[in-house]
Amino acid sequence: MPEGHTLHRLARLHQRRYAGSAVEVTSPQGRFPAAEVDGRVLLRAEAHGKHLFHVYGPDATVHVHLGLYGTFTEHPHPVTEPVGQVRMRVVGPTHWTDLRGPTRCEVLTDGEVAALRGRLGPDPLRRDARPGLVFARVAASRRSIGVLLMDQAVIAGVGNVYRAEVLFRHGLHPLTPGHRVDRALWDAIWADLVLLMRDGVKVGRIDTVRPEHLPAATGRAPREDRHGGEVYVYRRTGLPCLVCGTPVAMAVLAARNLYWCPVCQPE
DNA sequence: GATCTATGTAGAT
DNA sequence: TCTACCTAGATCG
């Protein structure tokens with residue numbers, strides 16, 4: 001679930017369901033200090049990159065990072081007994097939500113929130129994002145574009161799926177050094193990330209394949225990936241590239257699986 | 001039922 | 001570069 005689009009989608013949902021109301025906040029599992037915000041009015045829910053914030057007031061913001069496994073479930077009333085390890089439960093006027101398995105779930109002061117957000121790069125899903133700041137970092141770097149796109153301090157919210165797919169869509173090999181990416185190419189990549197990630201927020205999954213760009217004669221059609229979307233290369237190791245038919249390559253880079261088409265994305 | 005894998009990150013080495 | 005964290009779905013037998 002969790003690349004940036006998931007968190008923005010959750011923020012939007014939580015804003016609609018819970019903001020403006022006093023909510024009951026508990027930690028059935030006991031590993032989250034829920035009493036600090038229990039019974040208070042949720043003022044606002046927002047996301048920056050893969051981080052979710054529930055703002056209750058000055059120095060009272062719940063910060064959630066889902067990590068690899070974290071999930072929220074959402075239900076209408078009535079409220080039922082917790083099942084399994086529930087880190088945080090939020091009960092609003094009409095609905096309630098359970099959080100399981102997050103990497104982080106904690107109450108932060110405004111200073112701590114500012115420090116955290118200061119460590120995050122621009123987020124393609126935020127209107128206040130400045131893509132030029134990202135380009136400056138990319139253009140000055142000898143690290144590969146594949147590594148830079150995953151560095152949350154450079155650009156926030158991109159994960160392994162969006163990385164693989166956006167590089168494919170621009171014919172860029174993941175190991176291309178950042179300083180080889182020119183401004184026009186970067187602007188196109190950023191615009192594409194905005195498009196893809198906004199679509200992800202809207203539909204709740206990652207779809208990146210443009211059917212009109214597939215060779216009609218081959219009869220190749222995108223298959224739904226296990227993550228629920230339609231993609232060109234992510235987790236398609238050894239399968240024929242949807243555009244040229246070459247087997248999709250895979251390698252491990254900085255402890256993450258990297259996927260690309262050796263022909264459509266030449267080194 | 002056991003085992004494997006993952007859309008992530010921090011901290012140790 | 002490695003390990004721990006911690007959960008669920010897919011896959012294996």
Side-chain angles (χ1 to χ4, degrees), chain A residues 1-11 27-32 47-53 63-74 82-89 97-106 108 112-113 115-121 123-125 143-144 146-169 174 192-193 196-209 222-239 248 250-260:
Chain A
M1 331 284 159
E3 293 197 24
H5 69 300
T6 302
L7 283 300
H8 280 266
R9 189 173 165 86
L10 284 167
S27 181
Q29 174 197 56
R31 288 183 52 192
F32 166 65
H48 185 156
K50 300 167 189 170
H51 300 256
L52 175 67
F53 301 97
H63 165 235
V64 173
H65 194 293
L66 294 177
L68 259 184
Y69 331 111
T71 54
F72 278 95
T73 57
E74 175 84 10
V83 175
Q85 298 290 304
V86 176
R87 185 76 58 88
M88 176 174 73
R89 170 172 285 190
T97 183
D98 277 351
L99 169 64
R100 292 183 178 80
T103 282
R104 299 300 276 265
C105 178
E106 59 196 347
L108 299 184
E112 289 168 328
V113 171
L116 179 91
R117 294 192 52 180
R119 281 185 254 115
L120 296 175
D123 175 352
L125 286 172
R143 299 155 75 203
S144 68
V147 164
L148 290 164
L149 283 174
M150 292 285 276
D151 184 342
Q152 302 298 299
V154 173
I155 179 169
V158 175
N160 211 10
V161 184
Y162 283 123
R163 166 177 73 170
E165 295 300 304
V166 82
L167 290 175
F168 178 89
R169 283 165 59 107
D192 207 24
L193 284 170
L196 291 172
M197 294 176 77
R198 280 188 184 164
D199 181 70
V201 174
K202 200 190 313 177
V203 305
R205 56 183 240 176
I206 300 177
D207 292 316
T208 61
V209 177
R223 291 269 295 283
E224 201 166 279
D225 180 79
R226 200 170 72 187
H227 83 282
E230 291 175 350
V231 293
Y232 285 106
V233 291
Y234 176 71
R235 279 179 53 93
R236 294 192 66 248
T237 312
L239 295 175
V248 171
M250 194 272 272
V252 177
L253 177 66
R256 304 304 302 277
N257 291 338
L258 184 61
Y259 306 88
W260 75 99

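What's counted below: heavy atoms across the whole structure, side chains too, no hydrogens, waters or symmetry copies. The sequence lines fix the lettering, A, B, ..., with proteins before strands; numbering per chain opens at 1. On a predicted model such as this, the values are computed, not experimentally measured, just so you know.
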Set of residues satisfying side chain to side chain donor-acceptor pair (under 3.5 Å) with respect to A/Q85, sequence neighbours excluded: A/Q29

Residue met sooner reading DNA chain B from 5', once A/L116 and A/N160 are mapped to nucleotides: A/N160

Output all residues satisfying side chain to side chain donor-acceptor pair (under 3.5 Å) with A/R9, sequence neighbours left out; order by chain, then residue number. none

Answer yes or no: is there a donor N or O on one side and an acceptor on the other, between the side chain of A/D207 and the main chain of A/E230, under 3.5 Å? yes

Atom CG of A/L258 and atom CE of A/M250: how far apart are they, to the nearest 0.5 Å? 9.5 Å

Within the side chain of A/E3, is there an N or O that forms a donor-acceptor pair under 3.5 Å with the backbone of A/V161? yes

What is the distance, rounded to the nearest whole Å, between atom CG of A/D98 and atom C1' of C/dT7? 14 Å

A/R256 side-chain N/O to B/dT7 phosphate OP1/OP2 under 4.0 Å: yes

Can you check the distance between C/dC5 and B/dT13, where both ends of the measurement are the P atom (answer in whole Å)? 14 Å

Integer-rounded Å distance: B/dC4 C1' and A/N257 CG: 13 Å

Write down the protein N/O and nucleotide N/O pairs, taken from nucleotides 4-6 of chain C, whose separation is under 3.5 Å; answer none if there are no such pairs.
unit_1, atom_1, unit_2, atom_2, d
C/dC6, OP1, A/R31, NH1, 2.8
C/dC6, OP1, A/R31, NH2, 2.7
C/dC6, O2, A/Y69, OH, 2.8

When you measure from the side chain of A/D123 to the backbone N and O of A/G49, does any donor-acceptor pair fall under 3.5 Å? yes

Hey, is the side chain of A/K50 poking within less than 4.0 Å of OP1 or OP2 on B/dT9, counting only N and O atoms? yes

Could you run through DNA chain B and flag its stems, i.e. three or more consecutive Watson-Crick or G-U pairs with both distances under 3.5 Å? B:1-6 with C:7-12, B:8-12 with C:1-5

When the distance from CG of A/D151 to P of B/dA10 is rounded to whole Å, what number comes out? 10 Å

For A/E112, give me all partners under side chain to side chain donor-acceptor pair (under 3.5 Å), at least two apart in sequence or on another chain. A/T109

For atom P, what is the distance between C/dT3 and B/dC4, given to the nearest Å? 16 Å

Taken to the nearest whole Å, CE/A/M197 to P/B/dT7 is 15 Å

Would you mind reading off the distance between A/I206 atom CD1 and B/dA6 atom P, rounded to a whole angstrom? 15 Å

Strictly by modelled atom types, are A/D199 and A/H5 linked by a side-chain donor-acceptor pair under 3.5 Å? no

Taking C/dA8 as the reference, what is the distance to B/dA10 when you measure between their P atoms (whole Å, please)? 23 Å

Taking atom C1' of B/dT7 as reference, at what distance in whole Å does atom CG of A/L66 sit? 11 Å

Salt bridge (charged side-chain N to carboxylate O under 4.0 Å, His left out) contacts in which one or both residues fall within residues 148-169 of chain A, not counting sequence neighbours: A/R143-A/D151, A/R169-A/D192

If only atom types and distance count, is the side chain of A/Q152 paired as donor or acceptor with the main-chain N or O of A/G121 below 3.5 Å? no

Whole-Å distance, A/L253 CG to B/dT7 P, equals 13 Å

In whole angstroms, how far is the C1' atom of C/dA10 from the CZ atom of A/R235? 9 Å

Counting only side-chain nitrogens and oxygens, does A/H5 get under 4.0 Å of the OP1 or OP2 atom of B/dT7? no

